[in-house]
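See structure below.
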Protein chains: 2
Amino acid sequence: MVSAPLPDPVPAEEYEQCPVTDVLRRVGDKWTVLVVVLLGRRPYRFNELHRAIATISQRMLTRTLRGLETDGLVHREVFPTNPPSVEYRLTPLGESLLVPLSALADWVMEHRTDIAAARSAHAAERGDDVTAP
Amino acid sequence: MVSAPLPDPVPAEEYEQCPVTDVLRRVGDKWTVLVVVLLGRRPYRFNELHRAIATISQRMLTRTLRGLETDGLVHREVFPTNPPSVEYRLTPLGESLLVPLSALADWVMEHRTDIAAARSAHAAERGDDVTAP
DNA sequence: CGGTATCCAGAGAGATACTG
DNA sequence: CAGTATCTCTCTGGATACCG
């Protein structure tokens with residue numbers, strides 16, 4: 001069932017601020033989904049996440065977490081220990097997002113060979129040599 | 001059901017070329033989903049799509065369609081009429097993508113007020129004046 | 001430990017002009 | 001009609017250094 005009955009000449013402003021577009025752009029960024037999936041298993045502290053995601057920069061981890069926090073998908077809790085520790089975990093809203101996200105991931109895993117095949121075919125058709133250096 | 005049992009220290013290269021990440025970035029771009037949804041209703045010709053999406057540039061429409069074609073989600077067919085016309089339509093693979101995409105869209109529509117509320121709350125907490133110029 | 005602040009490179013995206 | 005070619009600008013993402 002598709003939710004939006006979408007007018008045909010899609011209005012400019014309406015699309016720009018469409019909440020669906022908005023969320024898609026968020027999950028389409030480089031790290032958000034990975035962070036959500038990790039936090040879906042258990043809470044993490046900041047540097048714990050940093051270690052778990054080998055190649056993320058501190059800056060991008062912070063930005064990603066802030067974005068998720070702003071949207072109410074992740075909860076940030078500071079414990080006044082020494083040294084201080086900050087725990088991140090999914091909110092119920094964040095957990096509920098895992099459901100459609102998993103569905104999409106499953107679709108990809110189910111069809112990834114089709115996509116790979118299409119890419120090869122397209123490259124071959126254009127005369128590209130896929131095996132070239 | 002989640003498809004990927006995901007190792008904890010997420011390996012650098014593995015993540016970079018993960019097919020799921022790959023597809024998420026595609027649907028996270030500005031126009032892809034809109035084009036897929038429109039083509040989900042019926043085939044379109046190039047300029048017909050251009051008119052249907054008020055604010056897209058010719059260049060971005062071309063690029064978006066090429067990307068979808070490369071991945072085997074859209075079929076491009078040229079009719080040697082005069083003037084020439086080119087029709088775009090979803091492949092079966094493209095149509096199957098509409099299912100998980102709709103699920104995600106439905107999630108967003110269901111929870112958009114929660115997200116909006118979280119954003120307001122977060123802005124207020126930070127002392128931002130949402131009504132400011 | 002858990003961040004900010006700054007600076008910088010590259011991809012994404014748009015405007016415009018031209019073409020088979 | 002259905003594009004391609006340029007040029008430009010913004011925005012994302014990364015490296016580095018510093019702070020409570």
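The sequence lines fix the lettering, A, B, ..., with proteins before strands; numbering per chain opens at 1.
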May I ask you to say whether E48(B) pairs ionically with R42(B), meaning some side-chain N is under 4.0 Å from a carboxylate O? yes
Mind checking Y88(A) for me? I need base, sugar-phosphate or nothing, with any heavy atom below 4.0 Å counting as a touch. sugar-phosphate
Using five base pairs at each end to define the local axes, how bent is the helix from dC1(C)-dG20(D) to dG20(C)-dC1(D), to the nearest 10°? 50°
Separation of dG20(C) C1' from F46(B) CZ (nearest whole Å): 15 Å
Backbone N/O of L73(A) and side chain of T91(A): donor-acceptor pair under 3.5 Å: yes
Please figure out whether E87(B) or W31(A) has its closest DNA chain D nucleotide nearer the 5' end. E87(B)
Indicate yes or no for a side-chain donor-acceptor contact from T32(B) to the backbone of G28(B) under 3.5 Å, with no hydrogens or angles considered. no
Mind listing the N/O atom pairs, protein and nucleotides 16-20 of chain D, below 3.5 Å?
none

With heavy-atom distances below 4.5 Å as the criterion, would you say the side chains of L39(A) and R89(A) are in contact? no
Starting at the 5' end of DNA chain C and moving along, which residue's nearest nucleotide shows up first, I56(B) or P83(A)? P83(A)
Please report the distance, rounded to the nearest Å, between NE2 in H50(A) and P in dT4(C). 14 Å
OP1 or OP2 of dG3(D) under 4.0 Å from side-chain N/O of R76(B): yes
Could you tell me how far apart I53(B) (CD1) and dA2(D) (C1') are, to the nearest whole angstrom? 15 Å
Under 4.0 Å from OP1 or OP2 of dT4(D): is there any side-chain N or O of R66(B) that close? yes
How far apart are the C-alpha atoms of K30(B) and M60(B), what are their side-chain angles, what is the distance that settles it, and do they pass the side-chain contact (heavy atoms from CB on, under 4.5 Å) test? CA-CA 9 Å; K30(B) 191 165 181 179; M60(B) 289 315 296; over 6 Å; no
Where the side chain of S85(B) meets the backbone of T81(B), is there a donor-acceptor pair that is under 3.5 Å apart? no
When rounded to whole Å, the CZ to P distance for the pair R45(A) and dG3(C) reads 11 Å
dC1(D), OP1 or OP2 - any side-chain N/O from Y44(B) closer than 4.0 Å? no
Can you tell me if E13(B) has over 12 outside heavy atoms packed within less than 6.0 Å of its CD? no
What integer distance in Å separates E69(A):CD from dG2(C):P? 14 Å
Rounded distance in Å - CZ (R25(B)) to P (dG10(C)): 16 Å
With the side chain counted from C-beta on, respond yes when L93(A) and H111(B) share a heavy-atom pair under 4.5 Å apart, and no when they do not. yes
Rounding to a whole Å, what distance do you find between E48(A):CD and dG3(C):C1'? 16 Å
In Å and rounded to the nearest 0.5 Å, what is the CG to CG distance from L90(B) to L68(B)? 8.5 Å
Taken to the nearest whole Å, CZ/R63(A) to P/dT4(C) is 11 Å
Please tell me if K30(A) has a side-chain N or O lying less than 4.0 Å from either OP1 or OP2 of dA11(C). no
Given dT4(C), dA2(D), dC1(C), which nucleotide is nearest the side-chain atoms of V86(B)? dA2(D)
Are the side chains of V35(A) and Y44(A) in touch, meaning some heavy atoms are under 4.5 Å apart? no
